[in-house]
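In what follows, chains carry the letters A, B, and so on, assigned in the order in which the sequence lines appear, proteins first and then strands, with residues in each chain numbered from 1. Worth saying up front: this structure is predicted, and the values here are computed from it rather than measured.
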Amino acid sequence: MENQQKLIHTFGALAELGSEVAQKQNFQEMMRTSLHLLLGSLAIMRGGIARYSRFGHELNMLVVRGMGDDFPLGLNLCYEDERQFLANGLFPIEVAEAKVLPFFQIYDRSFEKKRVELLVPLVIRDEMVGVILLGEKANGEPYSSYDKEIICAMARHIGVGIAQRNMLAELERRADENRRLYDDLRMTYKDTVKAFAKAIDCKDTYTEGHSVRVGKYSEIIAAELGWSNDQIEGAAVAGYLHDVGKLTVDRNIINAPYRINAKESAELNKHPAIGYEILLPIHHPYTDVPLAAKYHHERLDGRGYPDELEDREIPYIAKIVCLADSFDAMTTDRPYKRRRPANEVVEDLQRNAGKQFAPELVTAFCRGMLKEVTGETKDKRFRKLLGREYMEAEGITPLLQNALNGISPTSSLTLVSLD
Amino acid sequence: METTIDVPVQTSGETTTVYASDYLNKLSGEKIERECKRQLDAGCKTLVVNFAETEIVNSIGVSILLGVIDAASDAGAKIVFSDVNSDTTELFEMLGLTNHVTVMS
C-alpha cells in the first residue's frame with residue numbers, strides 16, 4: 001500500500017515535470033517548478049539546479065532551495081571535471097565518489113555544510129548542460145537505486161529544458177548576428193548606390209548633384225504616399241540610379257552648352273534602356289530599380305520615350321522618378337536655360353498633372369512642399385535642396401493650396417510592388 | 001488577532017497558525033513559505049500549518065513544506081501540521097516529514 005502511494009506520488013511529479021518542460025514559456029519559472037517537483041517527489045531537504053557554461057567553464061546556479069545565502073552561486077570547473085561528468089553521463093554521483101573531482105576540492109566545505117549527497121550531471125546528447133545538487137532526504141535514509149532512477153528520469157527532463165533554452169539563446173544570437181550582417185550589407189549597398197550617383201553626376205558639370213536630388217525628391221514623394229520605410233528607401237535608390245545609363249553617353253553631348261540636335265538627342269535618349277541593362281543583372285533589395293531607370297522619361301499621355309507607354313503601362317516607381325527628375329530639371333540651372341521660379345514650376349506641375357505626371361503624385365509632392373512652407377513639418381528637405389529664398393517665394397503658399405484643390409485625383413494607378 | 005494578507009494567518013501569543021489551503025500545490029505556494037518565514041523572523045516559537053482546507057498535497061506542496069521545516073529548524077521553533085487528512089498523513093509518514101514535525105489529524 002505504501003509502495004503504491006509512493007509510486008503515485010513520484011509518477012505524479014514526473015508527469016507534471018514533463019508537462020512543465022514541454023509547456024512553460026518562462027524559463028526561470030520552469031526551473032523553480034522543476035526543482036520543487038524533484039525535491040518534493042522524494043522529500044529531499046535541499047538542492048539546486050546549475051547551468052553549465054562551456055565557454056566560462058562555470059556552473060551557474062539557476063535556482064536553489066535550502067542552500068543558504070553563503071552557498072556559491074557560481075562554481076568553476078576545469079577540463080577534468082567536465083571530462084569526468086561527461087564520462088559519467090546522466091546518472092547521480094554520490095558525494096564520496098565525487099570527492100576525486102578537482103572542483104570538489106575547492107567547494108568541499110560548502111557541500112559538506114549543506115549536506116549535499118548527490119551530484120547529477122545533466123548530460124544531453126553528449127553535451128553537459130548543467131548539474132543538479134541534492135541534499136539529504138527528509139527520512140534520513142540514503143538514496144536507494146529506485147530513488148536514483150526517479151532522479152535520473154526527472155533530471156533528463158530538466159536537462160532537456162536547459163538544452164532547449166541554450167538552443168533558443170544560440171538561435172537568437174545567430175539571428176542578431178544575421179541582422180547585423182544584413183544591416184552592414186544594406187549600408188554597403190546604400191553607400192555604393194550613392195557613390196554611383198556621384199559618378200553619374202560627375203559626367204554632367206552643369207547638373208552636379210542631380211541624381212542625388214532626384215533620389216531625395218523620390219523619397220519625399222514615397223513618404224507622402226505613406227509607403228513603408230523599405231519602400232521609401234527603394235524609391236530613393238531608384239532616384240539615385242535613374243540616370244546610370246548616361247555613363248555610356250558621350251560627355252560632349254551631356255555637357256553641350258546649346259540645345260542638342262536630333263542625332264545627339266537620339267544618342268542621349270538611349271540612356272534609359274542602357275541604364276536598365278546595367279541595373280538588371282544586379283540583385284537589388286528593391287525590385288523596381290531597373291524599371292525606374294528604363295521608364296522615367298515615359299509620360300501618362302504616351303508621348304514619352306523609349307516605348308511611348310501610357311498611364312497604366314508605366315511602372316509606378318518610374319512615374320515617381322519622372323516627377324522628381326522633371327522637378328529637378330526645372331529648378332536647376334542648365335547650360336542653355338536658367339532655373340525657373342517656384343511659382344512657375346508649381347503651375348507647370350499642376351498643368352501637366354494627368355498628361356506628363358500622375359496627378360496623385362503631383363498632389364503628394366505639393367502637399368510635402370506646402371507642409372514645409374507652412375511650418376506644419378519641421379523637416380527642411382525642400383529648403384536644403386532648393387535654398388531658403390526659393391522656398392519663400394511670394395505667393396507660393398496659395399499657389400500650392402490652389403494646386404492641391406485643383407488637381408483631380410482620378411488617375412488610374414499602376415501599382416507596382418516594391419517588395 | 002486575525003490578519004488578512006495573501007495567506008490567512010492567525011496569531012495567539014508565540015503561536016502562529018498559517019492556513020495552507022490550495023495554494024500549496026502551485027508555484028504560488030511559495031508565498032505560504034515566505035509568510036511562515038516572516039512569522040518565524042518575527043519571533044514565533046510554535047508554527048502551526050493548518051491543512052483543514054487542503055485536500056491533497058503534491059510534490060510542489062511537499063517541497064514548500066520542507067522549506068518551512070528547514071526555516072523553523074533554523075529558527076529553533078516547533079512546527080505542527082494540523083487538521084491533516086489521513087491520505088496526507090500517510091504521505092508525510094512515507095516521505096519522512098513526520099521525523100521533523102508533529103502531525104495532528
(request) Any chance you could measure B:D70, atom CG, to A:R46, atom CZ, to the nearest 0.5 Å? (result) 4.5 Å
(message) At a 4.5 Å cut-off on heavy atoms, which part of A:L42 comes close to chain B: side chain, backbone, both, or neither?
(response) backbone
(request) Can you measure from CG (B:D87) to CD1 (A:I8) and round to the nearest 0.5 angstrom? (result) 9.5 Å
(request) Under the side chain to side chain contact (heavy atoms under 4.5 Å, CB included) rule, what do B:S59 and A:E16 come out as? Steps first, then yes or no, please. (result) CA-CA 9 Å; B:S59 293; A:E16 216 171 312; over 6 Å; no
(message) With a 4.5 angstrom heavy-atom cut-off, is it the side chain or the backbone of A:E141 that approaches chain B, or both, or neither?
(response) neither
(request) Answer yes or no: are there more than 12 heavy-atom neighbours, outside A:K113 itself, under 6.0 Å from its atom NZ? (result) no
(message) Using 0.5 Å steps for rounding, measure from the CG atom of B:L27 to the CD atom of A:E29.
(response) 5.5 Å
(request) Check whether more than 12 heavy atoms from other residues, nucleotides or ligands sit under 6.0 Å from atom CZ of A:R186, and answer yes or no. (result) yes
(message) Given heavy-atom pairs under 4.5 angstrom as the criterion, report whether the side chain, backbone, both or neither of B:E30 touches chain A.
(response) side chain
(request) Quick one: closest heavy-atom pair of B:S63 and A:L39, and the distance? (result) OG-CB, 4.1 Å
(request) Check whether A:I44 gets within reach of chain B through its side chain, its backbone, both or neither, counting any heavy atom under 4.5 Å. (result) backbone
(message) With rounding to the nearest 0.5 angstrom, report the OG to CD1 distance, A:S41 to B:I60.
(response) 11.0 Å
(message) What's the separation between atom NZ in B:K26 and atom OG1 in A:T33, rounded to the nearest 0.5 Å?
(response) 12.5 Å
(message) Once rounded to the nearest 0.5 Å, what's the spacing between atom CZ of A:R65 and atom CD1 of B:I64?
(response) 6.5 Å
(message) What verdict does the side chain to side chain contact (heavy atoms under 4.5 Å, CB included) test give for A:H9 and B:L95, after you've listed the backbone C-alpha separation in whole Å, the side-chain angles of each residue and the deciding distance to 0.1 Å?
(response) CA-CA 10 Å; A:H9 180 72; B:L95 293 172; 3.7 Å; yes
(message) Are there residues of residues 45-55 of chain B whose heavy atoms fall under 4.5 Å of chain A's heavy atoms? If so, which?
(response) none
(message) If you count every heavy atom of other residues, nucleotides or ligands that lies below 6.0 Å from A:D126 atom CG, does the total exceed 12?
(response) no
(request) Inspect the surroundings of CG in A:N229 and state if more than 12 heavy atoms from other residues, nucleotides or ligands are less than 6.0 Å away. (result) no
(message) How about CZ on A:R109, more than 12 heavy atoms from neighbouring residues, nucleotides or ligands closer than 6.0 Å, or not?
(response) no
(message) Please output the residues of residues 96-105 of chain B in contact with chain A, using a heavy-atom cutoff of under 4.5 Å, in numerical order.
(response) B:G96, B:L97, B:N99, B:H100
(message) Other residues, nucleotides and ligands only: do more than 12 of their heavy atoms fall within 6.0 Å of NZ on A:K148?
(response) yes
